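Sequence lines set the chain letters: A, B, ... in the order given, protein chains first and strands last, and positions in each chain run from 1. Not measured: the values here are computed from a predicted model.
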Amino acid sequence: MTLRLYDTRRRVIEDFAPLNPGVVTMYVCGPTVQSAPHIGHVRSAVAFDVLRRWLTVCGYDVQHIRNVTDIDDKIIVNAQAQNVPWWALATSVTRLFHEAYAALNCLPPTGEPRATGHIGEMVALIQRLFDGGHAYAAGTDVYFDVKSHPAYGELSNQQLDDVQSSEDTGDKRDPRDFALWKGTKPGEPSWETPWGPGRPGWHIECSAMVTRYFGPIFDIHGGGRDLVFPHHENELAQSCAAGDPFARFWLHHGMINIGGAKMSKSAGNSMFVPDLLAGYRPQALRYSLVAPHYRSDSDWNDDVLDEADAAYSRIEGFITRASAEYGEPATDGPVPTAFADAMNDDLGVPAGLGVLHDVVRRGNTALAGGDEAAGRQALAEVAAMTMTLGLWPGDFDGGNDSALEKVVAEVVPALLEARQAARERKDYAESDRIRDALTAAGVVVEDTPQGPRWHVGTSG
RNA sequence: GGCGGGUUGGCCGAGUGGCUUAGGCAAGGGCCUGCAAAGCCCUGUACGCGGGUUCGAUUCCCGCACCCGCCUCCA
């Protein structure tokens, strides 16, 4: 079974094969670094991280680029409000994004270009549009002439006549034309161009950068569904008008809603990653983001993370017990066929998780029954599947206070020894007292035929 | 007004023209345990409403209702 993916432009699921055998070029729209990452930003990162991992498992060399938009109206406004230079805000917020991505075990992209590092490429592209009669200067701005490109609207399936005009008409010939370059204003950063000083329009950076790294045609362009129009539509228009075929597959993930409505800063219902990680471990957060299909909208509430933590703990518990029994498994072994089929079907992670849980149950049964061959097999499969989804527990270790960890590693076994002694003399009042004290401290104790086992966490 | 998505059992969330109708969480029963925890087994018979096609529809078609997204910055 070959990989099939839903393409937004053609509005159909199609067989995927890269332009150049063995190599997949994937460009994903990254954040505008104006304020801390919210849950929607990391959903995007996780969704494409899973795709990238799956393509890698399928044997492709994945060239994954995620841009950073480091110049924009809001960055300028927010920086002024905080009384810092625009580039200082962009840098510090970029750092917050990197921390969030790393916490959620997203592999770093192969390339991470910044808009301000590619002004020259943008100027060159705009010049090509001028040469082709698709761009014009109006006042200090430069605009793309939408009517000069008959295919305009093909990505979002809109007829030009149906596109509502925005209010900020400015000096445009047509209100639906969009800015390629914005003339400088007092107090704003600017760069010199043949059309005067100014800064980039929003869409031009992506077209310029993807061409810089991948050339005129590449395999996958991804982003959130809210980017389909106007951002991706405009990218496609300007690149095609300039003569570049551009993206072969357009992939868009669904939105995260809060209480049934879209999360937005103006509504004041944003969920920020640093806040969420203060209350939940990153494994639970990643599981909750991975679990729904990437193209589905997903409603977010307090229960989602609790449920994700419980479901993940089940998988994690098996890996812990089985690893103790059989040793650490390899994580690069083959995944079950049913799992591969699910992933190949437009990244059917929900069905894949069904397979994963089935194998966990099989593994638990094998573990309880002493069936080593079946247990080892299940562990290897679970390791491969969790690695594919970026949920391998070993990837989340670390970050704790190692000195405290050492203390706990000494103290807990000592207490458990005392408890075992009490149990042997059938002093259950004492043994339960010790266990209750450990539970209260967040240590879960499990008695097994091989003796007591413990871990930090909660239990049902 | 234009374009697109959704409505599944207590909750989340897949999916399918019928066959053994995912998976997780929660709930109840059982096994195991000194009691627990963890694990395993069993139970619950869901597909917004109205038509149509069909031997048979939650799944296809038509209509309706409600919800959501984009059309302005947005993951």
Would you measure the distance from the P atom in B:rU58 across to the matching atom in B:rG50 and give it in whole Å? 11 Å
Heavy-atom donor-acceptor pair, A:D358 side-chain to B:rG23 base, under 3.5 Å: no
Looking only at atom C1', what distance separates B:rG48 and B:rC68, rounded to whole Å? 15 Å
At 4.0 Å (heavy atoms only), tell me whether A:R9 reaches a base, stays on the sugar-phosphate, or touches nothing. nothing
Let me spell it out: for each of A:V360 and A:Q34, pick the nucleotide of RNA chain B with the closest heavy atom. Which residue's pick is nearer the 5' end? A:V360
Taking the inter-plane angle between the rings of A:F272 and A:H38 on a 0 to 90° scale, is it parallel (under 30°), tilted (30 to 60°) or perpendicular (over 60°)? tilted
A:L367 has an atom CG; how far is it from atom P of B:rG39, in whole Å? 11 Å
Between B:rG34, B:rG13, B:rG39, which one does the side chain of A:P350 approach most closely? B:rG13
Which part of the nucleic acid, if any, lies within reach of A:G223 when heavy atoms closer than 4.0 Å are counted: base, sugar-phosphate only, or nothing? sugar-phosphate
If the test is side-chain hydrogen bond (donor to acceptor under 3.5 Å, both in side chains), which one of A:E112, A:R114, A:E205 qualifies with A:N67? A:E205
B:rG24 base / A:E307 side chain donor-acceptor hit below 3.5 Å: yes
In whole Å, what separates the C1' atom of B:rA27 from that of B:rG10? 8 Å
Taken to the nearest whole Å, CZ/A:F229 to P/B:rC73 is 10 Å
Let's test this: given Watson-Crick or G-U wobble pairing with both distances under 3.5 Å, identify the partner of B:rC40. B:rG30
Taking any strand in view, what nucleotide pairs with B:rC19 in a Watson-Crick or G-U wobble way, both distances under 3.5 Å? none
How many Å lie between CG on A:L356 and P on B:rA22, as a whole number? 18 Å
Return no unless some side-chain N or O of A:R314 is found under 4.0 Å from OP1 or OP2 of B:rG23. no
My understanding is that a pair needs two contacts under 3.5 Å, Watson-Crick or G-U wobble. By that rule, which nucleotide pairs with B:rG4? B:rC68
Between B:rC70 and A:N157, counting only base atoms on the nucleotide and side-chain atoms on the residue, is there a donor-acceptor pair under 3.5 Å? no
What's the gap between B:rG29 and B:rU21 when it is taken at their P atoms, as a whole Å value? 26 Å
Could you tell me whether A:D447 contacts a base, only the sugar-phosphate backbone, or nothing, with contacts defined as non-hydrogen atoms closer than 4.0 Å? base
Is the phosphate of B:rA14, meaning OP1 or OP2, less than 4.0 Å from a side-chain N or O of A:S296? yes
Within 6.0 angstrom of A:Q159 CD, more than 12 heavy atoms from elsewhere: no
Of the options B:rC71, B:rA75, B:rG34, whose atoms approach the side-chain atoms of A:V163 most closely? B:rC71
For B:rU7 and B:rA26, measure between their C1' atoms and round to the nearest Å. 23 Å
Please tell me whether A:Y213 and A:H118 form a close aromatic pair, meaning their ring centres lie under 6.0 Å apart. yes
OP1 or OP2 of B:rC40 less than 4.0 angstrom from a side-chain nitrogen or oxygen of A:R362, does that happen here? no
Find out whether the Lys NZ or Arg CZ of A:R66 is both under 6.0 angstrom from the six-membered ring centre of A:Y101 and within 45° of the ring's axis. yes
Contact list please: residues 148-155 of chain A against RNA chain B, heavy atoms, distance less than 4.0 Å, in numerical order. none
Contact nearer the 5' end of RNA chain B, comparing A:R423 with A:L353: A:L353
Any side-chain heavy atom of A:L285 within less than 4.5 Å of one from A:L305? yes
Which nucleotide in the list B:rC70, B:rG34, B:rA22 gets nearest to the side chain of A:D432? B:rG34
Is it the case that the base of B:rA38 and the side chain of A:R321 share a donor-acceptor contact (distance under 3.5 Å, atom types as modelled)? no
Positive for salt bridge (Lys or Arg N to Asp or Glu O under 4.0 Å) with A:R199, one of A:D141, A:D73, A:D72: A:D73
Which part of the nucleic acid, if any, lies within reach of A:I256 when heavy atoms closer than 4.0 Å are counted: base, sugar-phosphate only, or nothing? base
Taking CH2 in A:W87 as the centre, count heavy atoms belonging to other residues, nucleotides or ligands within less than 6.0 Å. Is the count above 12? no
Please tell me if the side chains of A:E316 and A:T386 come closer than 4.5 Å, counting only heavy atoms from C-beta onward. no
Can you identify which nucleotide, out of B:rC40, B:rA75, B:rC71, has its nearest atom closest to the A:P230 side chain? B:rC71
Please work out if A:A311 contacts a base, only the sugar-phosphate, or nothing of the nucleic acid, heavy-atom cut-off 4.0 Å. sugar-phosphate
Scan every strand shown for a Watson-Crick or G-U wobble partner of B:rA57, both distances under 3.5 Å, and answer none if you come up empty. none
Whole-angstrom distance between B:rU59 and B:rC19, as gauged at atom P: 15 Å
Hey, does A:H252 reach any base, or is it just sugar-phosphate, or nothing, if we go heavy atoms under 4.0 Å? nothing
What is the distance, to the nearest angstrom, from the CG atom on A:L389 to the P atom on B:rG23? 18 Å
Should A:H357 be listed as having a side-chain N or O under 4.0 Å from OP1 or OP2 of B:rG23? no
Of the candidate nucleotides B:rG34, B:rA75, B:rA14, which contains the atom at the shortest distance from the side chain of A:A351? B:rA14
Sugar-phosphate only, base, or nothing, as touched by A:H231 at under 4.0 Å among non-hydrogen atoms: nothing
Given the structure, check if the side chain of A:R435 and the base of B:rC35 hold any donor-acceptor pair shorter than 3.5 Å. yes
Suppose you measure atom C1' in B:rG6 against the same atom in B:rC42; what distance do you get, rounded to whole Å? 35 Å
Would A:Y27 and A:F214 count as a close aromatic pair, with their ring centres under 6.0 Å? no
Sugar-phosphate only, base, or nothing, as touched by A:V445 at under 4.0 Å among non-hydrogen atoms: base
Sticking with atom C1', work out how far B:rG69 lies from B:rG28, rounded to a whole angstrom. 40 Å
On a plain distance test, is the side chain of A:R225 in donor-acceptor contact with the base of B:rG4 below 3.5 Å? no
Relative to each other, are the rings of A:H203 and A:F178 parallel, tilted or perpendicular (30° and 60° limits)? perpendicular
